[in-house]
Amino acid sequence: MYGNDFSAEDAPGGGLLGEVEAAEAALREAAARGRRGGAPGPDEDLEAYFTEVVDADQKIEPRDWMPEAYRKTLIRQIAQHAHSEIIGMQPEGNWISRAPSLKRKAILLAKVQDEAGHGLYLYAAAETLGISRDELVELLLNGRQKYSSIFNYPTLTWADVGAIGWLVDGAAIVNQVPLCRCSYGPYARAMIRVCKEESFHQRQGYEILHTLAHGTGEQKAMAQDALDRWWYPSLAMFGPPDTDSTHSAQSMAWKIKRFSNDELRQRFVDMCVQQAEILGLTIPDPELRWNESRQAYDFTQPDYDELMRVIKGQGPCNRQRMEHRRRAHADGAWVREAAAAYAAKRVEQKEKVAA
Amino acid sequence: MRARRGLSHTHVGSLHAPDAELALRNARDLYTRRQEGVSIWVVPASAITASSPDEKDAFFDPAADKVYRHPTFYDVPDGVAHL
Ligand SMILES: [Fe+2]
Ligand SMILES: [Fe+2]
């Protein structure tokens, strides 16, 4: 999902897409292994059966019995993930009309359209758990469900579009790749589809920054400024540190989540360092250095107090994002009504012909 | 969705639409942005009757004891060709 900030064995070297493919293969392989014929017998303990399926790395499917808390956790997580995809269109949408060339404009348009698609796949996955999309949209609009706090930061320059693709989509991928192995079938399958699309997002962002960083001095400064502003909010996308993370242990036991917030954050930092070097940009962290004994980079943690403030609604753009979404939803009402009216008219006409 | 000519249709996902025609268009927009398909079927969810997981064992039981439906059940004498 976009982040763990609102509340979740992969062979390295094959790249993230390789990991997605490995997850997909594991899904097929687990299905083929078929723990056994089918569902629990009439006198079998449903909870034990559920645990057995999860422990065997098999998927729980919509009509299977599941603990109420598992269902609720998934609905919340998938919904907030879906909301993030939908709200996440705004910061970049801001630059579609001002993209520097027709090519960049077409690419950005396709990227933002993908995000809408991700939102829709995810709402559909959430609906399999017995809640409707209308209810979920309502929970977003009335502020009872959150979206990733990263989208409450403004996109001030074109370089920000590059930084979002590289860092925000990059962090999203690091979060999402393990979700391709989530124990809930519809979510895992949606994530596989999403991850395959995400790698284009990350690469287009990286390419934007690479172009700027190798352009004029002014362009390079713009790219550096974008990195300076987006670095820590991107690290915060992985959520609070493990010591303060409330939902983690249970989600791990249910195999909704596979790695802790801090593990994923570390993985992200380790990936970014070399990528930043190739860009010729400096990650704004004087403490960033290789730790030989940990075989990982030491780095400065993001400001978690700031994260909490943004989650609570005090980020630079929270109000603007929600207002825009409410307006877009209200302005789109006539389209939904017209489509329904047209469908009703067609049914009527068909009935007349039949009569 | 049929990914390519010669393959069977497989389920790719769900969506909302007021009628079948728009469901087709929405499915095209949502699920074929990268040429993932050459043919789409849409079916209203309400028209699907699903077997229930509760009765799955009993429901599929009749096939469980009929190993002789598989060719591997049979002993083929050594030396027999084209069988
Ligand atoms: Fe996305
Ligand atoms: Fe994306």
Side-chain angles (χ1 to χ4, degrees), chain A residues 34 36-42 44 46 49-50 53 60-66 109-111 113-128 132-134 136-137 185-186 189-190 192-194 196-197 200 335-350, chain B residues 1-4 7-70 72-73:
Chain A
R36 64 176 202 198
E44 203 174 334
L46 290 170
Y49 177 81
F50 170 86
V53 171
I60 299 294
E61 295 296 343
R63 298 189 67 190
D64 288 336
W65 181 89
M66 60 187 88
L109 200 55
K111 197 251 185 202
Q113 192 188 19
D114 270 0
E115 306 300 5
H118 297 173
L120 293 176
Y121 307 152
L122 287 160
Y123 282 129
E127 283 190 302
T128 63
S132 74
R133 190 166 89 194
D134 290 345
L136 295 174
V137 168
R189 292 189 289 268
I192 288 173
R193 177 176 280 278
V194 166
K196 287 182 177 174
E197 299 183 353
F200 134 59
V335 179
R336 296 188 292 274
E337 283 159 18
Y342 180 70
K345 192 173 97 182
R346 295 277 300 248
V347 171
E348 220 172 88
Q349 281 170 343
K350 249 187 222 156
Chain B
M1 174 111 57
R2 184 198 296 286
R4 284 184 300 281
L7 299 179
S8 54
H9 282 80
T10 44
H11 179 255
V12 293
S14 313
L15 48 78
H16 286 214
D19 61 13
E21 202 181 318
L22 270 170
L24 265 185
R25 283 170 185 274
N26 290 352
R28 177 204 56 193
D29 291 346
L30 191 55
Y31 293 106
T32 66
R33 291 195 301 280
R34 291 175 178 76
Q35 299 180 292
E36 288 94 335
V38 295
S39 159
I40 302 173
W41 295 347
V42 291
V43 181
S46 59
I48 296 173
T49 309
S51 67
S52 156
D54 305 335
E55 63 188 34
K56 206 155 55 181
D57 272 347
F59 192 68
F60 295 105
D61 248 4
D65 57 357
K66 296 178 179 62
V67 279
Y68 44 82
R69 283 177 173 164
H70 298 274
T72 44
F73 174 75

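A, B, ... follow the sequence lines: proteins, then strands. Residue 1 opens every chain.
The part of A:R193 that comes within reach of chain B is its side chain, from C-beta onward, which places non-hydrogen atoms under 4.5 angstrom from that chain. With a threshold of 4.5 angstrom between heavy atoms, A:R189 does not approach chain B through any atom at all. Looking at A:E127, only its side chain comes within 4.5 Å of chain B, counting heavy atoms on both sides.
When every heavy atom of A:G117 is checked against every heavy atom of B:L30, the shortest pair comes out as CA-CD1, 3.4 Å. Across every non-hydrogen atom of A:A343 and B:P18, the tightest pair is CB-O, 3.6 Å.
Using a distance-only test at 3.5 Å, with no hydrogens or angles considered, a donor-acceptor pair links the side chain of A:R63 to the main chain of B:S51.
Heavy atoms of other residues, nucleotides or ligands lying less than 6.0 angstrom from CD of B:Q35 number 12 at most. Within 6.0 Å of atom NZ in B:K66, more than 12 heavy atoms from other residues, nucleotides or ligands are found, so the atom counts as buried in its surroundings.
The residue among A:Q113, A:R336, A:E61 with the most heavy atom pairs within less than 4.5 Å of chain B is A:Q113.
Taking 4.0 Å as the cut-off between side-chain N and carboxylate O, A:D114 and B:R34 count as a salt-bridged pair.
Atom CG in B:L22 sits 9.0 Å away from atom CZ in A:R346 (nearest 0.5 Å).
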